[in-house]
Amino acid sequence: IAGLAGRRADGSLDWVGPPAPVDLGSLPIPAKYFDYEIVSTSRGCPANCSFCCSPGMWGRRVRERPVEHVIEELRLLKERYGRTQVAFKDETFTARPTRVRELCQALVNAQLNLWWTCDTRVDCLDDERLYWMRKAGCFMVSLGVESGSERLLRAMGKGTHLDKIREGSRLARRFGMQVRFYIILGLPDE
């Protein structure tokens, strides 16, 4: 793997550290070559849940693709392949409120009329984000809830609690969105 390993004098591999971050806006858009419906607009999550590999893979910093790059990808998916629905599979799609607004405004302005879903955390939802998401075509949010136990939420470092889960769910429903929960089964002591 380029940038991750170097050669020792004896020819064996030696860890030299991670490669420099890639500018996500410089990557080719797969929709130029393939039909699909799962789109990532960013990498990383600001949370540090004990069960998740995201901080280890991407760090806790969220790296975002330029909005224009995402819109170009969505336009290609719609025009080339007739996609009318996509799923945004960012670790935490709503991590940054201004990013949600910028991306959703661009979706509205592009007049792609796509239906879409996204994954996020209950503590990253508010009226403004949900307003723009719904206006731009979001019909369902999948929430990383993980457990219905306060004790287990604390133990896994989730950083949320049951009241926040209820509040986030009610808020999304108030904006006319379906709500789906991601739950981890078989946690220790469950």
- Message: Using every non-hydrogen atom in the two residues, find where G157 and S50 come nearest and quote the distance to one decimal.
- Response: N-OG, 4.5 Å
- Message: Ignoring hydrogens, what is the shortest heavy-atom contact between L77 and Y36? Give both atom names and the distance.
- Response: CD2-O, 3.4 Å
- Give the minimum heavy-atom separation between A136 and V108, together with the two atoms involved. CA-CG2, 3.8 Å
- Residues pairing under ring pair (Phe, Tyr, Trp, His ring centres under 6.0 Å) where one sits in residues 103-137, two or more places apart or in two chains, turn out to be F88-W116, F93-W116
- Examine V86 and Y81 and state if one hydrophobic cluster contains both, with Ile, Leu, Val, Met, Phe, Trp and Tyr joined whenever side-chain heavy atoms are less than 4.5 Å apart. yes
- Message: Rounded to the nearest 0.5 Å, what separates atom NE2 in H69 from atom OG1 in T41?
- Response: 12.0 Å
- Message: Under a 3.5 Å distance rule, please check whether R65 uses its side chain to pair with a backbone N or O of S40 as donor and acceptor.
- Response: yes
- In one Ile/Leu/Val/Met/Phe/Trp/Tyr side-chain cluster, 4.5 Å: F181, L185: yes
- Query: Would you call D119 and K89 a salt bridge, using N to O less than 4.0 angstrom?
  - Reply: yes
- Message: Could you report the tightest heavy-atom contact between E73 and A31, atom names first, then the distance?
- Response: O-CB, 3.9 Å
- Look at the side chain of T94 and the backbone N and O of C124, then say whether any donor-acceptor pair between them is shorter than 3.5 Å. yes
- Chi angles and distances behind the side chain to side chain contact (heavy atoms under 4.5 Å, CB included) call for Q105, K135: CA-CA 9 Å; Q105 283 177 331; K135 185 172 180 164; over 6 Å; no
- Task: State, with a plain yes or no, whether a side-chain heavy atom of M177 is found less than 4.5 Å away from one of T117.
- Result: no
- Task: Can you measure from CG (L171) to CG (L130) and round to the nearest 0.5 angstrom?
- Result: 5.0 Å
- Item | Within one Ile-Leu-Val-Met-Phe-Trp-Tyr cluster: M133 and I71, side-chain cutoff 4.5 Å | yes
- Test E167 against R170 for salt bridge (charged side-chain N to carboxylate O under 4.0 Å, His left out), laying out the working first. CA-CA 5 Å; E167 177 189 334; R170 276 193 296 269; over 6 Å; no
- E72/R75 salt bridge by N-O under 4.0 Å criterion: no
- Task: Mind listing the closest non-hydrogen atom pair of S169 and V179 along with its distance?
- Result: O-CG2, 3.9 Å
- Will you find, in the side chains of S42 and D90, an N or O donor that is under 3.5 Å from an N or O acceptor? yes
- Query: Can you tell if the side chain of R101 reaches within under 4.5 Å of the side chain of E128, non-hydrogen atoms only?
  - Reply: yes
- Message: With rounding to the nearest 0.5 angstrom, report the CD1 to CZ distance, I165 to R121.
- Response: 10.0 Å
- If you measure from the Lys or Arg side-chain nitrogens to the Asp or Glu carboxylate oxygens, is any gap between R63 and D23 under 4.0 Å? no
- Query: Quick one: does E91's side chain have a donor or acceptor within less than 3.5 Å of a partner on G44's backbone?
  - Reply: yes
Distance-only criterion, 3.5 Å: show the donor-acceptor pairs between side-chain atoms of residues 137-152 and protein atoms not counting sequence neighbours.
{"from": "S142", "atom 1": "OG", "to": "R180", "atom 2": "NE", "distance (Å)": "2.8"}
{"from": "S142", "atom 1": "OG", "to": "R180", "atom 2": "NH2", "distance (Å)": "2.9"}
{"from": "E146", "atom 1": "OE2", "to": "K158", "atom 2": "NZ", "distance (Å)": "2.9"}
{"from": "S147", "atom 1": "OG", "to": "S149", "atom 2": "N", "distance (Å)": "3.0"}
{"from": "S149", "atom 1": "OG", "to": "R151", "atom 2": "N", "distance (Å)": "3.3"}
{"from": "S149", "atom 1": "OG", "to": "L152", "atom 2": "N", "distance (Å)": "3.1"}
{"from": "E150", "atom 1": "OE2", "to": "L162", "atom 2": "N", "distance (Å)": "2.9"}
{"from": "R151", "atom 1": "NH2", "to": "D189", "atom 2": "O", "distance (Å)": "3.4"}

- Stepwise, does the side chain to side chain contact (heavy atoms under 4.5 Å, CB included) test hold for E64 with R43? CA-CA 7 Å; E64 301 163 339; R43 278 285 174 230; over 6 Å; no
- Message: Is there a side chain to side chain contact (heavy atoms under 4.5 Å, CB included) between V122 and R166? Walk through the geometry before answering.
- Response: CA-CA 9 Å; V122 296; R166 287 183 197 101; over 6 Å; no
- Query: Do V39 and Y33 sit in the same hydrophobic cluster, where Ile, Leu, Val, Met, Phe, Trp and Tyr count as joined when their side-chain heavy atoms come under 4.5 Å apart?
  - Reply: yes
- Task: Using a 4.5 Å cut-off on heavy atoms from C-beta on, say whether the side chain of C49 contacts that of M156.
- Result: no
- Task: Kindly give the heavy-atom pair with the smallest separation between L153 and H161, and that separation in Å.
- Result: CD1-CA, 4.0 Å
- Item | Nearest-0.5 Å distance, CZ of residue R174 to CZ of residue R134 | 13.5 Å
- Message: If you apply the rule side chain to side chain contact (heavy atoms under 4.5 Å, CB included), what do you find for R80 with D35, and how did you get there?
- Response: CA-CA 8 Å; R80 285 192 183 183; D35 181 15; over 6 Å; no
- Query: Quick one: does T92's side chain get under 4.5 Å of V62's, heavy atoms only?
  - Reply: no
